[in-house]
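First up is the structure itself, then whatever we jot down about it.
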Amino acid sequence: MTLHVHNTLTRRKAPLEPVEAGKVGFYVCGPTVYGPIHLGNARPLVVFDVLFRLLRRHYGEGNVRYVRNITDIDDKINAEARRRGVAIGALTAATVERFHEDAAALGCLEPTEEPRATDHVPEMVALIGRLIDLGHAYEAEGHVLFDVPSYPAYGRLSGNSRDEIVAGARVEVAPYKKDPADFVLWKPSTGDLPGWDSPWGRGRPGWHLECSAMSGKHLGRTFDIHGGGRDLIFPHHENEIAQTRAAHADAGFARVWMHNGFLSVEGEKMSKSLGNILAVRELLEDWPGEVLRFALLSTHYRRPLDFTVGLLRRARAALDRFYNAVGEAGDPEAAGVPADVLAALDDDLNTPLAISAMHGLADRVFQGDRGAAAALRRAGAALGLLGAPSRSWFQGADGDEARGIEALIERRASARAAGDFAEADRIRDELKRRGVALMDGPGGTTWRRT
């Protein structure tokens, strides 16, 4: 089977043809580490994790290079550190640690490389110098700016002309700009801000420049896929293309651009003013990470996704059904992914169709085909799902809590054996209040979370 992906740049879906046969390199914009990630950040995390898993199945683990950066130079970081009264390094270190914990809870694999902007400032300075030498950038009042009119292809990714971009007011107005669309490559830093020495004085890089330098360092000047959320198409990705292609006209930069759709919450756009920005960490207090992951994959990645409590409940119910079906079926890596599931994923990561095929496998299990349980487990693995033992999924308790529940079940069994049914019922009712359901059977009593 051949993987087909939709390319934002060409506006069409086509087979993926790697730059180097048998190997794939892709870059995804990671977090700016000034606060916990929210659902909008989580969607590309999960989407491109599925792509990573799929590419490794096609090309082998050692032949896929997934680079996801950490942006730890940014004015938002500086402002948040000042607001909290903490050192910038302490803020970014703690935020990166929380990010890794949240990504793991969502079932995401670690990328091949996770470069940090602070480790790549020399590459950024060199890139700016090349752009100045080639006439694509200029210095003004301590800043260095990219000269947008010098790059005629500007706007091709977003489909906007330069005039439309300027009229849309999504540009920073500054008197030192030659053109309103010009964007910052380097800005001066005062003594209380992070800064690095450069030919243009002590300063720090612009956000757009960081990704160009890091992708070039770790993937080369031409690589296969660049991914991110749809909100990054303009200006971030548009500016990345302009500065990278202008500096290296003979290179292709990213050949395919993939973008996931916008995410809303209960029908409204996420925003601070509405108070509906949902942090992943807060959601994990009430829902397993696998439920969040399933919910994010329930809609095709390029389509808008409305995140609701109802969606979470449906995701939980579907996972309960799948875990009931797989039981303790074996190793998800023991054989290949079922053909219809793989075909769905190869069609531009059609995860809803893959999930539909998984429901078909569960139907077969409940109709008596136990062999379908292992196939369902393997299908889940392709999406980063169904990795836990079924018993663990339904019990959902840590070791100490589980042992406490088991002790109560033993006390109940002893009470029943002694004919003390009132005590046995009291224990059952206590467990029920704690959200634990008991199932009595010929082999004894088992339990699960309700």
Side-chain angles (χ1 to χ4, degrees), residues 27 29-30 32-34 69-82 87-89 91-92 115-155 162 165-166 170-218 220-221 232 234-251 253:
Y27 183 93
C29 293
T32 300
V33 287
Y34 66 96
N69 75 293
I70 296 285
T71 295
D72 56 355
I73 305 171
D74 190 84
D75 289 347
K76 291 180 180 178
I77 297 173
N78 303 338
E80 182 65 12
R82 188 182 306 112
I88 289 172
L91 172 64
T92 58
R116 301 190 184 197
T118 47
D119 295 329
H120 295 76
V121 174
E123 289 83 0
M124 298 174 202
V125 169
L127 180 56
I128 294 172
R130 182 173 176 82
L131 287 168
I132 291 174
D133 291 343
L134 293 171
H136 291 292
Y138 59 94
E139 186 179 0
E141 298 184 20
H143 295 72
V144 180
L145 296 108
F146 184 84
D147 186 350
V148 167
S150 75
Y151 184 71
Y154 191 82
R162 177 208 157 279
I165 289 167
V166 173
R170 293 196 64 189
V171 296
E172 181 184 358
V173 177
Y176 48 77
K177 287 185 176 184
K178 291 182 179 179
D179 187 280
D182 295 349
F183 57 89
V184 172
L185 302 173
W186 189 262
K187 62 181 73 175
S189 289
T190 55
D192 61 330
L193 291 174
W196 290 260
D197 291 333
S198 80
W200 319 286
R202 182 178 181 275
R204 60 198 189 278
W207 172 42
H208 312 302
L209 188 81
E210 296 176 12
C211 284
S212 288
M214 287 185 280
S215 62
K217 174 71 176 291
H218 295 278
R221 294 177 184 170
L232 298 182
F234 182 85
H236 186 49
H237 290 166
E238 195 76 79
N239 291 354
E240 273 192 71
I241 291 173
Q243 64 203 9
T244 308
R245 294 298 306 276
H248 305 288
D250 58 337
F253 194 33

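Position 1 is the first residue of the sequence; numbering continues from there. Computed from a predicted model, the values in this text were never measured in an experiment.
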Heavy-atom check, side chain of [X] versus side chain of [Y], under 4.5 Å:
X: Glu139; Y: Tyr176; result: no
X: Glu80; Y: Thr92; result: no
X: Trp200; Y: Val125; result: yes
X: Cys29; Y: His237; result: yes
X: Lys178; Y: Leu145; result: no

Approximate separation, where rounding is to 0.5 Å, of [X] [atom1] and [Y] [atom2]:
X: Leu193; Y: Lys187; atom1: CG; atom2: NZ; result: 9.5 Å
X: His248; Y: Leu131; atom1: NE2; atom2: CG; result: 7.5 Å
X: Ser215; Y: Glu123; atom1: OG; atom2: CD; result: 11.5 Å

(request) Look at the aromatic rings of Phe146 and Phe183 and report parallel, tilted or perpendicular, splitting at 30° and 60°. (result)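 The arrangement is parallel - the two ring planes meet at less than 30°.
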
Is it the case that the side chain of [X] and the backbone of [Y] share a donor-acceptor pair, with hydrogens and angles ignored and the cut-off at 3.5 Å?
X: Thr244; Y: Ile241; answer: no
X: Thr32; Y: Thr71; answer: no
X: Gln243; Y: His208; answer: yes
X: Asn69; Y: Pro115; answer: no
X: Arg204; Y: Asp74; answer: no
X: Asp72; Y: Arg116; answer: no
X: Arg130; Y: Ala247; answer: yes
X: Arg245; Y: Ala251; answer: yes

(request) Indicate whether the side chain of Asn239 and that of Tyr154 have a donor and an acceptor atom separated by less than 3.5 Å. (result)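 Their side chains do contain a donor-acceptor pair, which is all the 3.5 Å distance test asks for.
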
